[in-house]
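Worksheet for the structure shown next.
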Amino acid sequence: MLGLGENIKKLLNIHDLTQKEFAKILGISSSALGNYIQNTREPDYLTLIQIANYFQVTVDFLLNCSNNTNLSHSEQCLIHIFRCLSDEQQEFYLEQGQIFIRQNRKKRSCLSQNDECFDVS
């Protein structure tokens, strides 16, 4: 299970931000943000809310305290990424997902036939 630091680090990567850039956005020192990411210090409530608001996620998401047991953390990350995309990018993202689903179905179908199956696409 990911902690606050790992979640912040992932969000920085997704948004292509450096720790220094994000610390400046939050109005805190780079070393303070570094401590949050290394899980050696915890942000105060206001800073935690600022981080969540900036990335458009919930504080529960940052802390992995979601009561929604239906979604894994990876699924929540996918939703966050999707929401950060433009409409055109979202459509492309969905199309790519559908291609993966078709490929998986094809593989399962081949395995269940107990035959050799060659993908000609």
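Since this is a predicted model, take the numbers as computed values, not measurements.
Screening residues 34-53 for ring pair (Phe, Tyr, Trp, His ring centres under 6.0 Å) gives no qualifying pairs among residues at least two apart or on separate chains. For residues 81-93, the set of pairs meeting the side chain to side chain donor-acceptor pair (under 3.5 Å) definition, not counting sequence neighbours, comprises Ser86-Gln89.
Applying the side chain to side chain contact (heavy atoms under 4.5 Å, CB included) rule to Ile99 yields the partners Gln96, Arg102, Gln103; only residues at least two apart in sequence or on another chain are considered. Legend: residues meeting side-chain hydrogen bond (donor to acceptor under 3.5 Å, both in side chains) with Asn53, ordered by chain and number and at least two apart, are absent. Residues meeting the side-chain hydrogen bond (donor to acceptor under 3.5 Å, both in side chains) test with Ser74, sequence neighbours left out: none. With sequence neighbours left out, Leu17 forms a side chain to side chain contact (heavy atoms under 4.5 Å, CB included) with Leu12, His15, Glu21, Phe22, Ile25, Tyr54, Phe55. Partners of Phe92 according to the ring-ring contact (aromatic ring centres under 6.0 Å, His included) rule, which considers only residues two or more places apart in sequence or in another chain, do not exist here. Residues that satisfy the side chain to side chain contact (heavy atoms under 4.5 Å, CB included) test with Thr40, not counting sequence neighbours, are Asn35, Gln38. Residues passing the side-chain hydrogen bond (donor to acceptor under 3.5 Å, both in side chains) test with Thr47, sequence neighbours excluded: Asp44. With sequence neighbours left out, the side chain to side chain contact (heavy atoms under 4.5 Å, CB included) criterion links Lys20 to Thr18, Ser30.
Nearest heavy-atom pair, Gly5 versus Asn39, reported as atom, atom and distance to 0.1 Å: N-OD1, 3.1 Å.
To the nearest 0.5 Å, atom NE2 of residue His80 and atom CG of residue Leu85 are 9.5 Å apart. Within the model, atoms CG of Leu4 and CG of Leu62 stand 6.0 Å from one another, a figure rounded to the nearest 0.5 Å. Taking SG of Cys84 as the start and CD1 of Ile79 as the end, the distance is 12.0 Å to the nearest 0.5 Å.
The residue from Leu48, Asn7, Thr58 that alone fulfils the side chain to side chain contact (heavy atoms under 4.5 Å, CB included) condition with Leu63 is Leu48.
In this structure, Glu75 places its CD atom where more than 12 heavy-atom neighbours from other residues, nucleotides or ligands lie under 6.0 Å away.
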